[in-house]
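Position 1 is the first residue of the sequence, and the numbers go up from there.
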Amino acid sequence: QVQLVESGGGLVQPGGSLRLSCAASGRIINIYAMGWYRQVPGKQRELVATIISGGLTNYADSVKGRFTISRGNAKNTVYLQMNSLTPEDTAVYYCKVTLSSESRPYSMDYWGKGTLVTVSS
């Protein structure tokens, strides 16, 4: 069974930084893409950043130049370094991983439970 565990959320002042982590575990065959999305109450979940297996990254315009997505050496972990945070970045951040596993040997999306990021003075 595949599990995603997120960590790193919390309260930070405007202009501050946080790093989110998401680790995928289970009988994974291949990871195709990893990404971060965020959602505020009453709004749709939106893409923040993604990284595919070849290392190509994609960012929402609102976070370009401030956020950096990367993968760990073990390749089953994805990070989101968030700098110059503003109150508009306040949201629940979700990790999404597209992977195949031994129980489901085809590409499938898995979501983490989310971690709250609050930017406030």
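- The closest side-chain heavy-atom distance from Met108 to Leu99 is not below 4.5 Å.
- Residues satisfying the side chain to side chain donor-acceptor pair (under 3.5 Å) test with Glu102, not counting sequence neighbours, are none.
- For Ser101, the side chain to side chain donor-acceptor pair (under 3.5 Å) partners at least two apart in sequence or on another chain are Ser103.
- For the pair Met34 and Arg71, the tightest heavy-atom approach, listed with the atom from each and the gap, is SD-NE, 3.4 Å.
- Counting only residues at least two apart or in different chains, ring pair (Phe, Tyr, Trp, His ring centres under 6.0 Å) contacts with residues 100-121 comprise Tyr37-Trp111.
- Remark: the backbone N or O of Gly9 is paired with a side-chain donor or acceptor of Thr115 at under 3.5 angstrom.
- In terms of heavy-atom proximity, Ala91 sits nearest to Leu116 at O-CD1, 3.6 Å.
- The salt bridge (Lys or Arg N to Asp or Glu O under 4.0 Å) contacts involving residues 108-121 comprise Lys96-Asp109, where partners must be two or more places apart or lie in separate chains.
- Taking 4.5 Å as the limit, some side-chain heavy atom of Arg66 sits within range of a side-chain heavy atom of Thr86.
- Through side-chain heavy atoms spaced under 4.5 Å, either directly or across other Ile, Leu, Val, Met, Phe, Trp or Tyr residues, Leu56 is tied to Ile52.
- Residue Val48 comes nearest to Val63 through the heavy atom pair O-CG2, 3.6 Å, listed as atom of the first residue, atom of the second, then distance.
- The side-chain heavy atoms of Val78 and Cys95, taken from C-beta on, include a pair separated by under 4.5 Å.
- Interatomic distance, CG of Leu11 versus OG of Ser121, reported as 9.5 Å (0.5 Å rounding).
- A search for side-chain contact (heavy atoms from CB on, under 4.5 Å) contacts involving Thr57 returns Ile51, Tyr59, Ile69, not counting sequence neighbours.
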Under 3.5 Å, which donor-acceptor pairs do the side chains of residues 12-33 form with other protein atoms, sequence neighbours left out?
| residue | atom | partner | partner atom | Å |
| --- | --- | --- | --- | --- |
| Ser17 | OG | Asn83 | OD1 | 2.9 |
| Tyr32 | OH | Ser100 | OG | 3.4 |

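- When side chains are defined from C-beta on, Asn58 counts as touching Leu47, because their heavy atoms get closer than 4.5 Å.
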| message | With side-chain contact (heavy atoms from CB on, under 4.5 Å) as the criterion, how do Leu4 and Val97 come out once you've worked through the C-alpha distance, each side chain's angles and the decisive distance to 0.1 Å? | response | CA-CA 8 Å; Leu4 302 184; Val97 180; 3.7 Å; yes
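- Evaluation of the disulfide (SG to SG under 2.5 Å) test over residues 45-91, restricted to residues two or more places apart or in two chains, returns none.
- Residues in residues 63-100 take part in no ring pair (Phe, Tyr, Trp, His ring centres under 6.0 Å) pair, two or more places apart or across chains.
- Counting only residues at least two apart or in different chains, salt bridge (Lys or Arg N to Asp or Glu O under 4.0 Å) contacts with residues 37-62 comprise Arg38-Glu46, Arg38-Asp89, Asp61-Lys64.
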